[in-house]
Each structure stands twice: as C-alpha cells, then as structure tokens.
Student: 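Dropping a structure here in structure tokens format, bear with me for questions.
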Amino acid sequence: MPSGIERNRELRRRRKRTKTYEKMKAKLAKATPSEKMEIARKLRLMTPGAEGLIRDWALEDVDR
C-alpha cells in the first residue's frame with residue numbers, strides 16, 4: 001500500500017502538473033509547429049481538461 005494520505009498524494013500530483021504546464025508554456029514561445037503539435041499531444045495525455053488549455057494557448061490551429 002502506498003504511503004501517505006491520499007489527499008497529500010493528490011496535491012503533489014496537482015503541483016507537479018502545474019510545474020509541467022509552466023515549463024511547456026515557456027517552451028511554447030520558441031516552438032516550431034511540429035513542437036507545438038507535440039505539446040498539444042502531451043497535454044491531452046496529462047489531463048482531461050487539455051482542450052481548454054489548448055484553446056487558451058492558441059494551439060488549435062497547429063493541432064490536428
């Protein structure tokens with residue numbers, strides 16, 4: 001059985017996701033279209049709310 005309280009694990013996962021989003025958003029400024037497609041793909045794997053992020057980050061036009 002994993003150690004720690006479930007809520008603490010949940011918060012840790014959320015914080016890690018947030019840091020990952022920040023890193024991806026920083027790379028987005030210099031990214032080529034193919035790199036932007038890869039960022040969108042990774043966002044979809046990370047969270048069910050990815051479509052909102054993709055829309056907010058203006059990745060819709062390079063994706064799909």
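Just so you know, these numbers use all the heavy atoms, side chains as well, and skip hydrogens, waters and symmetry mates. Count residues from 1 along the sequence.
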Student: Does any non-hydrogen side-chain atom of R44 lie less than 4.5 Å from one of E51?
Tutor: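 Yes. Closest side-chain heavy atoms under 4.5 Å.
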
Student: Supply the atom-to-atom distance L53 CG to T47 OG1, rounded to the nearest 0.5 angstrom.
Tutor: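 Between atom CG of L53 and atom OG1 of T47 there are 7.0 Å.
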
Student: Look up atom CD1 in I5 and atom CG in L11, then write down how far apart they are to the nearest 0.5 Å.
Tutor: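 Output value for this atom pair is 10.5 Å.
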
Student: Look at atom CG of L45 and say whether more than 12 heavy atoms of other residues, nucleotides or ligands are closer to it than 6.0 Å.
Tutor: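 More than 12 within 6.0 Å, yes.
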
Student: So, taking the atom named CZ in R12 and the one named CZ in R17, what distance separates them when rounded to the nearest 0.5 Å?
Tutor: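 Between R12 CZ and R17 CZ, I get 12.5 Å after rounding to 0.5 Å.
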
Student: Check E10 with R13, please: is the shortest side-chain N to carboxylate O separation under 4.0 Å?
Tutor: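 Salt bridge absent between R13 and E10.
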
Student: Could you report the tightest heavy-atom contact between A31 and K36, atom names first, then the distance?
Tutor: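 For A31 and K36, the tightest heavy-atom pair comes out as O-CE, 3.6 Å.
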
Student: Report all side-chain donor-acceptor pairs from residues 21-30 shorter than 3.5 Å, counting only partners two or more places apart or in another chain.
Tutor:
none

Student: If you round to the nearest 0.5 Å, how far is CE of M37 from OG1 of T32?
Tutor: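 It is 10.0 Å, given to the nearest 0.5 Å.
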
Student: Carefully, step by step, assess L43 and L59 under the rule side-chain contact (heavy atoms from CB on, under 4.5 Å).
Tutor: CA-CA 11 Å; L43 281 173; L59 292 174; 4.2 Å; yes

